[in-house]
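A quick write-up on the structure given underneath.
Reminder, nothing fancy here: chain letters follow the sequence lines and each chain counts from 1. Side chains are part of it too, since the values below use all heavy atoms of this structure and drop only hydrogens, waters and symmetry mates.
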Amino acid sequence: MTGDAGAWPVDPDTLAAVQRRLGAARPPPWEPATGHTVAASYVCFARGLRGPGAGGDPGWAGAAVKRPGSRSESVVAHGPAGWAYEPGLLALREGPLRAAAVASLPFPGDVLLVDATGRDHPRRAGLALHLGAALGVPSVGVTDRPLLAAGTPPAQGRCSSTALLVDGEVVGYLLRTRPGVRAVVVHAAWRTTAQVAVAVVLGATRRMRTPQPLREARRAARAARGASG
DNA sequence: GCGACAG
DNA sequence: ATCTTGTCGC
């Protein structure tokens, strides 16, 4: 079900071609069912790196998955970054490492949360969308700020949201997950609309600003970094 | 030409 | 992403 969408190019031109194809794809839309499981992917890098970093930077990819009524399970993959950070080319730097971590989870989850954009991207295929396509799982992006899209801040109350548009397409929402706290950016990605993305994020968010599975993936990645380097 | 620009 | 000082909130 992944097909060549699972490819992780190692140069900018090839990645851009894959992104254009993924951005133009129209896979069957997915919607959450009661009791769906939520997985998440997060990457951190060695401390002390300068600016955008470079290929070979030591990285730790954390992945976590939680089914309702069970404890969360997490794994970590350790390996080198594939590239420096460049806006629009994040998959080059982090794609393979994140895919390795998510693939080693005990079970895949029904939907994957990623701290990256989805359709808010020059070629409509940010890393959240790419990772979902590569792994064959519906995905949702959650970031602190948009890449291309602009929007107005939502009202202060919990669950307030405002749409983010690119070329007239709703690619995401600014979403107030906690009253009075800075909004998160929720991104439509692989097989998810912006509206479904908001529902998934609200369903996975507890007391904190960001969804619990993403926090668990981050905790695992940082713990592994502290233990090895 | 310069700054901005997911992580 | 990481660094760092300061501030606010539970």
Side-chain angles (χ1 to χ4, degrees), chain A residues 8 12 15-16 19 22-23 40-63 76-99 101-102 112-134 139-151 156 158 164-166 171-175 177-190 192 194 197 201 206-211 214-215 217-226 229:
Chain A
W8 291 109
L15 174 61
Q19 288 172 335
L22 289 176
S41 162
Y42 185 94
V43 167
C44 65
F45 291 97
R47 311 189 117 110
L49 299 180
R50 289 305 184 230
D57 289 343
W60 290 261
V76 176
H78 176 45
W83 201 263
Y85 167 73
E86 291 183 38
L89 302 179
L90 191 56
L92 235 37
R93 179 166 175 78
E94 306 179 349
L97 196 57
R98 300 178 87 126
V102 175
L112 178 67
L113 301 181
V114 183
D115 57 323
T117 72
R119 297 196 61 81
D120 175 18
H121 183 275
R123 292 166 290 279
R124 304 298 182 272
L127 182 53
L129 186 150
H130 194 156
L131 192 59
S139 61
V140 164
V142 180
T143 65
D144 283 339
R145 54 185 182 181
L147 180 54
L148 299 179
Q156 292 299 308
R158 168 163 162 103
L164 291 171
L165 284 88
V166 171
V171 298
Y173 281 93
L174 296 174
L175 175 66
T177 55
R178 304 219 59 203
V181 170
R182 181 167 59 100
V184 298
V185 187
V186 176
H187 299 268
W190 186 245
T192 55
V201 167
R206 298 291 173 258
R207 295 178 160 185
M208 300 296 113
R209 185 177 78 107
T210 54
L214 219 33
R215 293 176 54 82
R218 180 177 68 176
R219 186 207 58 75
R222 289 182 170 177
R225 176 181 64 181

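Rounded to whole Å, atom C1' of B/dA4 lies 14 Å from atom CD of A/Glu86. Protein atom CG of A/Leu92 is 17 Å distant from nucleotide atom P of B/dG7, rounded to whole Å. For the pair A/Leu214 CG and C/dA1 P, the interatomic distance rounds to 10 Å; values are reported in whole Å. With rounding to whole Å, A/His78 atom NE2 is found 16 Å from C/dA1 atom C1'. Straight-line distance from the CG atom of A/Leu147 to the C1' atom of B/dG7: 10 Å, rounded to whole Å. What separates CD of A/Glu94 from C1' of B/dA6 is a distance of 9 Å, to the nearest Å. Here the C1' atom of nucleotide B/dA4 and the NE2 atom of A/His121 are 16 Å apart, to the nearest Å. With rounding to whole Å, A/Asp144 atom CG is found 13 Å from B/dC5 atom P.
Looking at heavy-atom distances under 4.0 Å, A/Gly141 makes no contact with the nucleic acid at all. Residue contacts shown for A/Leu89 include a base, since a base heavy atom lies under 4.0 Å away. Using a 4.0 Å heavy-atom criterion, one finds that A/Leu127 contacts the bases of the nucleic acid, with or without backbone contacts as well. Residue contacts for A/Asp120: at a heavy-atom cut-off of 4.0 Å it reaches no nucleic acid atom on any strand shown. At the heavy-atom level, A/Gly53 lies nowhere under 4.0 Å from the strands shown. If you check every strand for non-hydrogen atoms under 4.0 Å, A/His187 touches nothing. Within the nucleic acid shown, A/Leu49 has no heavy atom closer than 4.0 Å to any nucleic acid atom.
A distance-only check finds no donor-acceptor pair linking the side chain of A/Arg225 to the backbone of A/Ala220 [under 3.5 Å]. Under the 3.5 Å distance criterion, the side-chain polar atoms of A/Asp120 are matched with a main-chain donor or acceptor of A/Ala149. With A/Ser139 contributing its side chain and A/Ala128 its backbone, the two residues share a donor-acceptor pair below 3.5 Å. In this structure, A/Gln19 contributes its side chain and A/Gly88 its backbone to a donor-acceptor pair below 3.5 Å.
A sub-4.0 Å separation between OP1 or OP2 of C/dT2 and a side-chain N or O of A/Arg222 is present. OP1 or OP2 of B/dA6 has at least one side-chain nitrogen or oxygen of A/Arg145 nearer than 4.0 Å. In terms of phosphate contacts, A/Arg93 brings no side-chain nitrogen or oxygen within less than 4.0 Å of OP1 or OP2 of C/dA1. Contact check, A/Tyr42 against B/dG7: no side-chain N or O comes under 4.0 Å of OP1 or OP2.
Screening A/Thr143, A/Val171, A/Val140 for a side-chain contact (heavy atoms from CB on, under 4.5 Å) with A/His187, the sole residue that qualifies is A/Thr143. A side-chain contact (heavy atoms from CB on, under 4.5 Å) with A/Leu174 holds for exactly one of A/Val184, A/Val186, A/Leu164; it is A/Leu164.
In this structure, the nucleotide among C/dA1, C/dC3, B/dA6 sitting nearest to the side chain of A/Thr143 is B/dA6. Candidate nucleotides C/dT2, B/dG7, B/dC5 were compared by shortest atom distance to the side chain of A/Cys44, and C/dT2 ranks first.
Remark: ring of A/Tyr85 overlaps the six-membered base ring of B/dG7 in a stacked fashion, centroids less than 5.5 Å apart, planes less than 30° apart.
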